[in-house]
Asks: 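Please see the structure below; I have some questions.
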Amino acid sequence: MSDGITLTGTVDEIIFSNPDNGYMICMIDSAEEGLFTATGYMPYVTEGERVALTGGWVMHPDYGEQFKISYYETIMPSDEESILKYLSSGIVKGIREVTARKLVEYFGADIFNVMLTEPERLAEVKGISLEKAKKIGESYSELQSVQGIVMFLQQYNVSANMAVKVHNVLGSGAVDAIKANPYILADRVEGIGFRTSDTIAFNMGIPKNSMFRIRSGIKYIMQEAAYTSGHTYLPKQLLSEHAAHTLSIDENEADAALAELAAEREIFLDRVENTNVCYLFGYYDAEMYIARRMHSMANHPPKITLTEKKAENAIYAIETEQNIELAPEQRDAAFTALTSDCMVLTGGPGTGKTTAINTIIELLENLKLSIALAAPTGRAAKRLSEVTGREAKTIHRLLGTQMSAGNVHTFVHNEDNPLTADVIILDEVSMVDTLLMASFLKAVKFGARLILVGDSDQLPSVGAGNVLRDIVDSGVVPVIKLTKIFRQAEESLIIVNAHRINRGELPDLSSRTNDFFFLRRQNAEQAAFTVTDLYKNRLPKSYGIDPISDIQVLSPTKKGVTGTVNLNKLLQLHINPPSPEKPEHIYGGTIFRTGDKVMQTKNNYDIVYSRIDGEDGTGIFNGDMGIIKEINEPDKYMTIVFDEDKEVDYPFAALDELDLAYAVTVHKSQGNEFPFVIMPVCSFSPMLMNRNLLYTAVTRAKDMVILVGSEKTVQNMTLSTRFDDRFTGLSEKLNMIKKAQKSS
């Protein structure tokens with residue numbers, strides 16, 4: 001594509017327009033080029049409007065040569081005929097052809113100035129009331145505001161699509177607000193980061209020690225620490241040093257900004273483990289709410305409770321009826337569920353969590369209690385439903401989502417509108433981050449039982465916090481840990497090796513006949529080749545399986561030869577190669593092709609899906625996997641089937657939230673179970689060479705695990721005592737409340 005060409009012309013016909021983001025395909029009538037097709041973001045542009053377009057020519061495989069727009073500028077019409085055509089288009093609310101003709105006949109070429117500065121004068125025209133005149137003025141002013149924001153931000157390489165978001169958040173005064181403080185973009189507009197605001201500020205001549213910049217920069221550092229490292233707080237001294245280095249300022253200036261942020265309750269200063277720390281206020285508030293609520297639930301007996309004798313008799317009756325014999329730990333779990341408002345059930349694979357959960361459900365249903373089952377992801381919810389024989393929902397679906405008056409996504413169920421269930425069993429809690437757990441607990445009605453299930457030895461959540469481990473470590477809530485490996489589970493080397501890894505013992509890598517295999521390779525290139533061969537040829541031929549649905553490649557990292565980025569390119573090339581029958585779309589260096597396996601990487605509450613069973617809904621969430629069914633290049637969307645039953649028309653504009661998923665990181669695999677798992681074990685960053693990452697990867701497999709690479713890497717990961725350390729304060733807050741209650 002040749003960039004930097006500027007063409008001027010009139011919008012002759014709009015072929016396609018997306019009102020949500022301003023993307024359009026249109027025909028432009030230009031003196032330079034004649035009639036041609038243009039594509040790009042031009043919000044609120046209408047037929048008959050003159051525009052100056054900057055961009056370049058591209059060749060579309062189906063539709064030929066098109067002009068791809070990088071920037072645009074509207075050229076307001078100046079003669080009466082062009083003004084009439086512009087106003088007749090309906091772009092200004094309240095004006096159609098008849099009204100437009102009256103206005104142009106009365107005011108002539110001065111009509112735009114009248115609408116903007118003296119809209120009440122429109123009432124001088126017969127048939128236009130004063131109220132309608134004011135509404136027309138408001139509509140035109142709003143239109144000018146949006147286009148002004150687009151023009152202003154384009155000079156800083158902010159897209160027209162994002163400029164519409166800026167207008168939606170900051171309103172008609174956006175340009176003045178940005179000029180006064182460019183960092184308002186990073187602080188308030190989702191999708192615009194600190195670095196974009198910093199670039200705009202630099203071009204405006206704002207000094208690097210501006211308090212606006214330092215405050216926004218500190219929040220950016222804390223947000224990055226939450227998103228990339230899972231920290232809910234940072235030690236104050238560490239934050240000051242990091243801010244001084246990152247922003248090229250003095251530590252005293254960073255401390256002054258911290259004081260201002262604390263005074264305005266944007267951050268919270270606290271002490272954790274005798275250290276001064278800084279929280280973004282939302283994370284502090286969430287940790288405190290979780291701590292108070294969990295402590296309250298742990299110290300209040302359920303409304304319907306049984307005596308110790310009746311509880312034991314009920315458990316014995318279930319064993320007799322089901323013809324099972326519970327292990328002592330499973331019996332403890334059942335007893336605790338009958339006698340406590342809140343409990344944690346944890347344990348590794350093969351320790352009988354499923355039997356314990358099903359027994360608990362039977363016991364509580366016998367008490368005529370209503371039960372809701374939930375898990376963090378669609379796949380985890382589906383698996384919970386399969387093993388219990390009852391409906392299980394994702395947390396987001398259980399809580400319901402809605403848009404608040406402030407254009408913010410909130411949950412339908414909360415403290416004012418709690419869930420009606422008497423018992424809620426939440427599985428895979430190690431995946432649940434701090435903010436989601438707080439929202440979940442707000443929806444649990446007072447007096448309801450809560451049973452948290454998970455494996456606290458797995459990796460913590462992708463989002464900030466280490467909720468399950470902190471709750472377990474605090475000792476505030478009754479915790480039943482299942483440790484006995486049942487006889488049938490002992491036959492699985494996956495389960496045996498998972499427990500060996502968890503204890504810091506080297507896994508058995510010598511098997512050639514079981515479900516756990518190790519293939520030694522000399523280097524990362526050989527390992528990547530073997531992973532590809534296993535995925536494409538050896539496993540499908542040996543076991544008659546479909547690689548896309550039955551095999552998942554997991555890697556500790558995105559980077560390197562055996563990272564997910566490179567492995568996805570290799571696997572896509574071999575499993576789903578280019579073909580004239582397979583449409584594809586390139587976005588940000590990634591080729592998306594019909595038939596590709598993909599994963600959602602962010603929560604998107606707005607996307608509408610339709611279920612194969614006919615039920616519609618909204619929301620595709622971080623970790624959801626799907627297959628690209630169709631790519632519609634003219635209309636700029638692809639159809640993706642998520643979780644086997646949710647069909648979504650996915651706009652190209654949202655493709656930054658989508659990755660190929662032939663290979664995914666171990667972190668992103670949490671909550672999922674796959675029949676076959678292949679994992680390269682080569683040389684990785686020391687931060688990734690830890691036991692719980694290897695343990696989590698192995699426990700994702702149901703039928704087979706194949707490790708490919710170096711025995712030394714497996715050994716280093718197994719023997720590493722380094723945990724995924726995070727700065728979190730939930731455990732301390734739980735104990736703080738416990739101590740305060742005892743002393744009062």
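Numbers here simply count residues along the sequence, with the first being 1.
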Asks: For the residue pair Leu185 and Leu170, establish whether any side-chain heavy-atom pair is separated by less than 4.5 Å.
Replies: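 Leu185 vs Leu170: side chains touch.
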Asks: Go through the steps to decide whether Asp29 and Thr10 satisfy the test side chain to side chain donor-acceptor pair (under 3.5 Å), and finish with yes or no.
Replies: CA-CA 5 Å; Asp29 190 359; Thr10 302; over 6 Å; no
Asks: Under 3.5 Å, side chain of Asp433 to main-chain N/O of Leu436, donor-acceptor pair present?
Replies: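 Answer holds: yes.
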Asks: Is the Lys NZ or Arg CZ of Lys219 less than 6.0 Å from the centre of Phe194's six-membered ring, within 45° of the axis?
Replies: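 Not satisfied by the 6.0 Å and 45° rule.
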Asks: Using only atom types and a distance under 3.5 Å, with no angle test, would you say the side chain of Asn181 pairs donor to acceptor with the backbone of Ala177?
Replies: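 Answer holds: no.
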Asks: Does any N or O in the side chain of Thr39 come within less than 3.5 Å of the main-chain N or O of Ile25, such that one atom is a donor and the other an acceptor?
Replies: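 Between the backbone of Ile25 and the side chain of Thr39 there is no qualifying donor-acceptor contact (under 3.5 Å).
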Asks: Going from CG on Asn604 to CG on Asp624, what distance comes out if it is rounded to the nearest 0.5 angstrom?
Replies: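 Atom-to-atom, Asn604:CG and Asp624:CG are 10.5 Å apart.
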Asks: Do the rings of Tyr140 and Phe112 sit parallel, tilted or perpendicular, given the 30° and 60° boundaries?
Replies: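 It falls in the parallel class, under 30°.
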Asks: To the closest 0.5 Å, what do you measure between CD1 (Ile218) and CE (Met222)?
Replies: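 One finds 8.5 Å between CD1 of Ile218 and CE of Met222.
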Asks: For a 4.5 angstrom cut-off between non-hydrogen side-chain atoms, does Leu435 reach Tyr283?
Replies: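 Yes, close enough: below the 4.5 Å cut-off.
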Asks: Give a yes or no answer on whether the side chain of Ser139 reaches the backbone of Val92 with a donor-acceptor pair at less than 3.5 Å.
Replies: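 The answer is no, because no donor-acceptor pair under 3.5 Å joins these two groups.
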Asks: Side-chain contact test, heavy atoms from C-beta onward, threshold under 4.5 Å: evaluate it for Arg195 versus Tyr220 and give yes or no.
Replies: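 Yes, close enough: below the 4.5 Å cut-off.
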Asks: I'd like to know if the side chain of Asp596 and the backbone of Arg593 have a donor-acceptor N/O pair within less than 3.5 Å.
Replies: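 Yes: the side chain of Asp596 pairs with the backbone of Arg593.
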Asks: Among Thr594, Asn632, Asp649, which residue satisfies the side chain to side chain donor-acceptor pair (under 3.5 Å) criterion with Thr639?
Replies: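 Per the side chain to side chain donor-acceptor pair (under 3.5 Å) rule, the option paired with Thr639 is Asp649, out of Thr594, Asn632, Asp649.
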Asks: Work out which heavy atom in Ile83 is nearest to a heavy atom in Ala109; give both atom names and the distance.
Replies: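 Minimum heavy-atom contact is CD1-CA, 3.7 Å.
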Asks: Which class fits the ring pair Phe411 and His396: parallel under 30°, tilted 30 to 60°, perpendicular over 60°?
Replies: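 Correct class here is tilted.
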Asks: Should we say atom NZ of Lys179 is surrounded by more than 12 heavy atoms from elsewhere, each under 6.0 Å from it?
Replies: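 Check fails, neighbour count at 12 or below.
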Asks: About how many Å separate CE of Met115 and OG of Ser141, when rounded to the nearest 0.5 Å?
Replies: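 Rounded to the nearest 0.5 Å, the OG-CE separation comes to 10.5 Å.
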Asks: Roughly how far, to the nearest 0.5 Å, is CG of Leu658 from CD1 of Ile628?
Replies: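 So the CD1 of Ile628 and the CG of Leu658 are separated by 6.5 Å.
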Asks: Do any N or O atoms from the side chain of Arg213 and from the backbone of Leu247 form a donor-acceptor pair under 3.5 angstrom?
Replies: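 Yes, the answer is positive, given that a donor and an acceptor are paired below the 3.5 Å cut-off.
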Asks: Atom CZ in Phe36, atom CG in Leu7: separation rounded to 0.5 Å?
Replies: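 So the gap between those two atoms works out to 4.5 Å.
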Asks: I want to check something: taking the side chain as every heavy atom from C-beta on, are Val598 and Leu660 in contact at a cut-off of under 4.5 Å?
Replies: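 They are in contact (side-chain heavy atoms under 4.5 Å apart), so the answer is yes.
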Asks: Can you confirm whether Val114 sits close enough to Leu103 that some side-chain heavy atom of one is under 4.5 Å from a side-chain heavy atom of the other?
Replies: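 In short, these two side chains do not touch, never coming nearer than 4.5 Å.
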Asks: Please check: side-chain N/O of Lys668 versus main-chain N/O of Gly623, any donor-acceptor pairing under 3.5 Å?
Replies: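 Answer holds: no.
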Asks: Using only atom types and a distance under 3.5 Å, with no angle test, would you say the side chain of Ser216 pairs donor to acceptor with the backbone of Phe212?
Replies: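 Here the side-chain-to-backbone pair does not exist.
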Asks: Does any part of the side chain of Pro119, heavy atoms only, come nearer than 4.5 Å to the side chain of Ile136, both counted from C-beta?
Replies: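 No, their side chains stay 4.5 Å or more apart.
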Asks: After noting the C-alpha distance and the side-chain angles of Tyr41 and Tyr23, does the key distance pass the ring pair (Phe, Tyr, Trp, His ring centres under 6.0 Å) rule?
Replies: CA-CA 4 Å; Tyr41 293 95; Tyr23 180 84; 5.3 Å; yes
Asks: Rounded to the nearest 0.5 Å, what's the gap from CZ on Phe67 to CD1 on Ile28? Could you check?
Replies: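 Between atom CZ of Phe67 and atom CD1 of Ile28 there are 9.5 Å.
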Asks: Pair Ser129, Glu131 - check side chain to side chain donor-acceptor pair (under 3.5 Å), show working.
Replies: CA-CA 5 Å; Ser129 66; Glu131 183 181 357; 5.3 Å; no
Asks: Are side-chain heavy atoms of Asp285 and Phe268 found at a separation under 4.5 Å?
Replies: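 No, too far: nothing below the 4.5 Å cut-off.
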Asks: When you measure from the side chain of Asn417 to the backbone N and O of Val412, does any donor-acceptor pair fall under 3.5 Å?
Replies: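 Yes; at least one donor-acceptor contact below 3.5 Å.
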Asks: With side chains defined as the heavy atoms from C-beta onward, is the minimum distance between Leu269 and Cys278 less than 4.5 Å?
Replies: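 Touching, per the 4.5 Å side-chain cut-off.
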Asks: Is the backbone N or O of Ala464 less than 3.5 Å from a side-chain atom of Thr434, with the two atoms forming a donor-acceptor pair by type?
Replies: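 Side chain of Thr434 to backbone of Ala464, a donor-acceptor pair under 3.5 Å: yes, one is there.
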